[in-house]
Each structure stands twice: as C-alpha cells, then as structure tokens.
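For reference, the structure discussed in these notes is given below.
All residue numbers refer to positions in the sequence shown, counting from 1. Whatever order the structure lists ligands and atoms in, that order sets their numbers, starting from 1.
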Amino acid sequence: MASNLSFVLNKPNDVSFEERPVPKLQHPHDVLVAINYTGICGSDVHYWVHGAIGHFVVKDPMVLGHESAGTVVEVGASVTTLKKGDRVALEPGYPCRRCEPCLSGHYNLCPDMRFAATPPYDGTLTGFWSAPSDFCYKLPDNVSLQEGALIEPLAVAVHIVKQARVQPGQSVVIMGAGPVGLLCAAVARSFGATKVVSVDIVQAKLDFARSYCATHTYMSQRVSAEENARKLIAEADLGEGADAVIDASGAEPSIQTSLHVVRMGGTYVQGGMGKSDITFPIMALCLKEVTARGSFRYGSGDYKLAIQLVADGKVDVKALVNGVVPFKDAEEAFKKVKEGQVIKILIAGPNEKVEQVMDTSVDEKKLEAAQAAGSTGCC
Ligand SMILES: NC(=O)c1ccc[n+]([C@@H]2O[C@H](COP(=O)([O-])OP(=O)(O)OC[C@H]3O[C@@H](n4cnc5c(N)ncnc54)[C@H](O)[C@@H]3O)[C@@H](O)[C@H]2O)c1
Ligand SMILES: OC[C@H](O)C(O)[C@@H](O)CO
C-alpha cells in the first residue's frame with residue numbers, strides 16, 4: 001500500500017508530516033479513497049494559526065483539510081454505487097443519521113456530526129480516507145479531480161443560495177468576494193438572478209468578481225450602514241432594494257448594511273462566520289418583514305447540485321485556482337493562503353505525482369486580489 005503520510009496540526013503554528021496507519025473500512029457500506037487533491041479553507045488556516053474556532057479547540061494533534069477529491073481503491077461488501085477506480089468528491093461531514101435534524105432532512109444540523117478537520121476529528125490531508133459510500137460523489141467524466149476538490153466550497157455556496165430562495169430575474173447582493181462570496185455569485189447567476197452585486201472592501205477583489213461573474217460591484221464605504229446601503233442601492237440601480245442579500249464576509253458593518261439594502265419583504269442570509277455577537281439592525285428586519293435565514297455547511301442534494309453545475313459548465317471553479325503544490329509543500333501552501341497570495345490553492349495527495357507547482361502565470365488580477373485582501377477566511 002502507498003504512503004499514508006498526513007499533514008498534522010500539533011498546536012498553533014506547529015505542523016508536521018506523520019506516516020499514519022491506512023484506515024480500515026469500518027462498515028460494509030464504506031469505501032477507501034486515495035486522496036488526489038485537497039483545497040485549503042480559511043478554517044484550516046484559522047486552526048493552524050489559532051488552534052481553535054469558537055468552541056472547537058484543537059487539544060490533540062489533528063490532521064488538517066476537508067476540501068478533497070480522490071479515487072476509490074477499496075469498496076465494502078455492501079457498496080453497490082461505487083467501484084474501484086471511480087473518481088469522487090468527498091463530503092467531509094458524517095452525521096449520526098438518527099437524531100431529529102438528520103431524520104427531518106437537515107443532517108447538516110446533526111449535533112453529533114463528525115466533520116473532517118474540526119476537532120477532535122482528523123481531516124483529509126492524508127493518503128487514504130475511509131468514508132460512507134453515500135458521502136462520496138462520483139465525478140462525471142468531464143469534471144476533473146482538481147475541480148472535484150472545489151465541490152466542497154461550491155456546496156457551501158449552493159446551500160447559501162438555496163437558503164436565499166433566489167428566483168429567476170431577481171437581484172442578489174453578496175457581501176464579501178472571497179471564495180465563498182464568489183461562488184455564491186456564480187450560483188446565484190446559475191439560479192437565474194439577473195443582477196448580482198459583489199461587495200467588498202478591496203478593489204482588486206471586486207475587479208476579479210466582475211471578471212468572474214458579478215454583474216455589478218460595489219466598494220463598501222466607511223459611512224453609516226444606512227448611508228452605505230443608499231449608495232449601494234443607487235450605484236447598482238437596485239430600485240427599492242435587493243430581492244436577496246447574502247453575507248459571505250462575517251463582517252459586522254457588512255451585516256448591518258445588508259439589512260438596509262434588502263427590499264421590503266426580501267430575504268437575508270447569514271453565510272459568513274465572524275464575531276459571535278454583533279449590533280444588528282433588528283428594526284429594519286421587523287419593519288420590512290425581512291425573512292432572515294442562517295446557512296451552515298450543506299445538506300441534502302447540495303453536493304449533487306454543485307457537481308451538476310460544474311459538469312454543465314454553469315459554474316467555473318477552475319478560475320479560482322492559482323496553483324497546485326506537491327504534498328511536501330503543504331506548509332508553504334498554508335503560508336500563501338495566510339498571506340493572501342492566492343484565492344484557492346490545491347495540495348496534491350502524498351501519492352499524487354504533481355509536476356505543476358504554484359502557477360504564478362495565472363491572471364494577475366487573481367493574485368493581486370488575494371494579496372490585497374490578506375484574508376485568511378473563516379472566523
Ligand atoms: N456558513 C458556512 O457553512 C460557511 C462555510 C465556509 C465558510 N464560511 C464563512 O464564509 C465567509 C467567507 O468565506 P471565504 O473563504 O470566502 O472568506 P474570505 O475571508 O476569503 O472572504 C471574505 C471577504 O469579505 C471581505 N470583507 C471584509 N469586510 C467586509 C465588509 N465590511 N464588507 C464587504 N466585504 C468585506 C474580505 O475582503 C474578503 O474578500 C467566512 O466568514 C467564512 O467563515 C461559512
Ligand atoms: O466548509 C465547511 C466549513 O469550512 C466548516 O464548517 C468549518 O467552519 C469547520 O467546521
């Protein structure tokens with residue numbers, strides 16, 4: 001069996017490579033997957049730097065990574081939907097399947113979720129990953145394994161845009177033009193939104209959003225939330241306000257502005273994860289009868305739809321990738337994400353031969369946008 005080298009977070013800013021035993025199939029419905037590519041999420045970087053996100057604290061060494069695609073190398077006795085050699089996108093959270101949220105179709109809200117690289121559970125920056133077969137999604141022939149690794153953040157965006165109930169012809173404002181906000185913009189377009197406004201505080205990010213899929217952009221201003229909203233509505237010609245506003249920044253000023261941008265009877269979705277408690281314009285919510293929803297990870301049908309959107313050419317996930325690095329350069333890749341040098345970077349699995357290194361020839365705007373933001377993603 002090939003290497004099961006794993007990229008382990010020992011404590012904040014202390015990572016190492018460890019050869020770990022290849023996992024055994026725990027259940028006849030499980031499959032063993034050789035990891036080909038893994039994207040770095042802001043939450044991975046956050047754990048690396050701070051050792052915790054909210055009440056999730058890294059107490060013991062933990063393998064990082066949860067945005068992965070791989071190739072099936074072994075199938076359990078009861079698996080009928082996958083076979084050796086199938087290329088799959090990995091859904092990295094495994095619910096209990098027995099609690100009320102699971103049984104009512106909201107398994108992403110399972111209190112006993114085992115989510116990769118959320119302590120105490122190990123992540124997917126490793127050689128082999130054992131998982132229930134129904135959480136491994138076969139990729140169509142026209143979707144590459146590198147695109148497969150981006151299905152995870154795309155599924156986050158699919159869930160957010162579904163929560164916004166976006167309809168054809170509607171206007172959608174998206175606060176934040178990081179990977180999640182960009183993918184929300186792409187999904188909103190694919191759902192038929194005719195006006196999609198990307199908002200950020202970094203011009204280069206907005207330039208990229210415009211070249212990617214936003215129909216309009218707006219540079220958020222350091223004025224009152226009401227005034228910021230008035231300017232945004234005027235600049236993007238939103239009339240009485242946007243049908244839906246999505247926060248994909250987690251930033252308090254952006255959340256406050258959102259409630260003044262949404263139209264009477266419109267919808268607001270909280271996708272960004274920032275401070276736990278903020279000052280929220282509750283009166284705007286009340287007087288406009290705004291429907292407000294949260295959005296957490298992804299649930300029934302989200303992975304399938306994300307893959308379909310890529311297969312149908314409706315969402316281009318490749319455009320967000322700045323480069324692919326060999327496994328041995330994982331720490332370097334984390335540094336580049338932390339320093340904001342990339343929008344998305346992929347780490348090849350330890351058994352993957354990768355010729356390509358950081359692609360510095362990619363669209364200058366991508367690098368410029370990411371560098372300027374210096375963003376580290378989650379929380
Ligand atoms: N709900 C979920 O399940 C889920 C899953 C993954 C990520 N997230 C969260 O989604 C958010 C986006 O993720 P990401 O990976 O794109 O992060 P990111 O940090 O790359 O992007 C956030 C963007 O918001 C911009 N921003 C900051 N302040 C702003 C303001 N006042 N107005 C407008 N834009 C502002 C930043 O410049 C940046 O471009 C993060 O908060 C992350 O924690 C949520
Ligand atoms: O995309 C999924 C998110 O990155 C996770 O929920 C993260 O916040 C860790 O739990």
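Ligand 2 has a nitrogen or oxygen under 3.5 angstrom from a nitrogen or oxygen of His66. Of the polar atoms of Gly42, none of the N or O atoms is found under 3.5 Å from an N or O of ligand 1, judged by distance alone. Residue Val202 has no N or O atom closer than 3.5 Å to an N or O atom of ligand 1. Residue-to-ligand polar distances place Met273 within reach of ligand 1: an N/O pair is separated by less than 3.5 Å. By the 3.5 Å distance cut-off applied to N or O atoms, Gly271 is counted among the residues near ligand 1. Looking at Thr118 next to ligand 2, an N or O pair under 3.5 Å apart turns up.
For the atom pair CG (Asp200) and CE (Met175), the distance works out to 10.5 Å, reported to the nearest 0.5 Å. Atom OG1 of Thr217 and atom CG of Leu206 lie 5.0 Å apart (nearest 0.5 Å).
Residue-level proximity to ligand 2 for Glu67 is absent, since no heavy atom of it falls below 4.0 angstrom. Proximity of Ala251 to ligand 1, defined as any heavy-atom pair under 4.0 Å, is confined to the side chain (atoms from C-beta onward).
The ring pair (Phe, Tyr, Trp, His ring centres under 6.0 Å) check on Phe56 picks up nothing, with sequence neighbours excluded.
In this structure, Arg293 forms no cation-pi arrangement with Tyr268, as its terminal cationic atom is not both closer than 6.0 Å to the ring centre and no more than 45° off the ring axis.
Between atom 10 (O) of ligand 2 and the options Arg297, His159, Met113, the minimum heavy-atom separation is to Arg297. Checking Ser258, Gly250, Ser249 against atom 26 (N) of ligand 1, the nearest heavy atom belongs to Ser249.
Using a non-hydrogen distance threshold of 4.0 Å, Gly274 does not register as a contact of ligand 1.
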